[in-house]
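Reviewing the structure listed below.
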Amino acid sequence: MTPADRRDRHLRALELPVVEAAAALVGCTITHGACSGVIVETEAYHDSEPACHAFVGVTPRTQTLFEAPGIAYVYRSYGIHALLNVVVEPAGVGAAVLIRALQPRTGERLMARRRGGERLTELCSGPGKLTQALGIGLQLNATPLLGGPIELGPPPGHEDPPRLVVGPRIGITRATELPWRFCAAGSRHVSRPWPHGLLA
DNA sequence: CATGGGATTGACT
DNA sequence: GTCAATCCCATGC
């Protein structure tokens, strides 16, 4: 992998079909204010399958999913949590990558305060946890991820992208057979349950 | 207008 | 392992 490939990794991901985008975004970074982390877990959602909010078509809720790629879809889950997605695929297609876990990179002290003092591996190990840690709320729905309040960035450092462990998506009741969950192999920062073979 | 169901988490048995 | 919290919104009458 060349330095240019690494530098543009997040930009390339935004142009890919959602399942490939979900795989490519693992290793990229998410930043909000002073807090940031490396993406270690994602899931893909597409309007062709019933687990995706966009399956029902364009509604006030799903509008954002059908916009052009590169914006955030932030929605309330279980009346409590804000979940962050990266909208991908051309305008008119409802598709997004759910950011499920981060490896904290900066602003750890602030994130720990927001989370009530968690261990580092538990700080952002879930889609609701990471938005709380980074201070991301529903008001950031539909904001750009390039030059916006939430910034999607390339992988830090000079490492190659992590090996991926692929498994079925979790926490859903429909289309559970699709292997659209991607975790950085060996990472202890991913959400439970860990996919089979994570540490192998 | 009433209802049901979550792309979750944390506390508890 | 079980379960409640909490609220928006899509659906159906």
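Numbered from 1 within each chain, the chains take letters A, B, ... in sequence-line order.
- Spacing between atom CD of A:E122 and atom C1' of B:dG10 amounts to 12 Å, rounded to whole angstrom units.
- Using a 4.0 Å cut-off, no side-chain N or O of A:S77 falls inside it from OP1 or OP2 of B:dA7.
- Between the side chain of A:R9 and the backbone N or O of A:V26 there is at least one donor-acceptor pair closer than 3.5 Å.
- Distance A:Q63 CD to C:dA10 P: 11 Å, rounded to the nearest Å.
- In terms of position along DNA chain B, the nucleotide closest to A:Y73 lies nearer the 5' end than the nucleotide closest to the other residue of the pair A:E118 and A:Y73.
- Rounded to whole angstrom, the span from the NE2 atom of A:H53 across to the C1' atom of C:dC8 amounts to 11 Å.
- Within 4.0 Å of A:R100, counting heavy atoms only, lie sugar-phosphate atoms of the nucleic acid but no base atom.
- The CD-P distance, from A:Q132 to B:dG10, rounds to 7 Å in whole Å.
- Regarding A:Y78, its OH atom lies at a distance of 14 Å from the P atom of B:dG10, rounded to whole Å.
- Here A:Y45 lies parallel enough and close enough to stack on the base of B:dA7, with planes under 30° and ring centres under 5.5 Å apart.
- Within 4.0 Å of A:I80, counting heavy atoms only, lies at least one base atom of the nucleic acid.
- Across all strands, A:R115 comes closer than 4.0 Å only to sugar-phosphate atoms, never to a base (heavy-atom distances).
- In this structure, CZ of A:F55 is placed 14 Å from P of B:dG6, rounded to the nearest angstrom.
- Closest to the side chain of A:N85, out of B:dA7, B:dG6, C:dC7, is B:dA7.
- Nucleotide B:dA7 is matched to nothing when pairs are restricted to Watson-Crick or G-U wobble geometry with both distances under 3.5 angstrom.
- Here B:dA7 presents its C1' atom at 3 Å from OH of A:Y75, a figure rounded to the nearest Å.
- B:dC12: Watson-Crick or G-U partner is C:dG1, with both key distances under 3.5 Å.
- Ion pairing between a basic and an acidic side chain is recognised when a charged N comes within 4.0 Å of a carboxylate O; A:R169 and A:E49 show such pairing.
- For A:I172, taking side-chain heavy atoms from C-beta onward, the closest of the listed nucleotides B:dT8, C:dA10, B:dA7 is B:dA7.
- When heavy atoms are screened at a 4.0 angstrom cut-off, A:L83 is found touching the sugar-phosphate backbone but no base atom.
- The side chain of A:P127 sits closest to B:dT8 out of B:dT8, B:dG6, C:dA10.
- Of the candidates B:dT8, C:dA10, C:dC8, B:dT8 carries the atom nearest the A:H81 side chain, counting heavy atoms from C-beta on.
- Residue A:R188 places its CZ atom among 12 or fewer non-hydrogen atoms of other residues, nucleotides or ligands, all under 6.0 Å distant.
- A 4.5 Å side-chain heavy-atom check between A:I172 and A:Y45 finds at least one atom pair inside the cut-off.
- Atom CG of A:D47 and atom P of B:dA7 are 16 Å apart (whole Å).
- Under the side chain to side chain contact (heavy atoms under 4.5 Å, CB included) test applied with A:T131, the options A:I99, A:I136, A:I30 reduce to a single match, A:I136.
- If A:G126 and A:R174 are placed on DNA chain B by their nearest nucleotide, the residue sitting closer to the 5' end is A:R174.
- A:F182 is connected to A:L25 through a chain of hydrophobic side-chain contacts under 4.5 Å among Ile, Leu, Val, Met, Phe, Trp and Tyr, so both are in one cluster.
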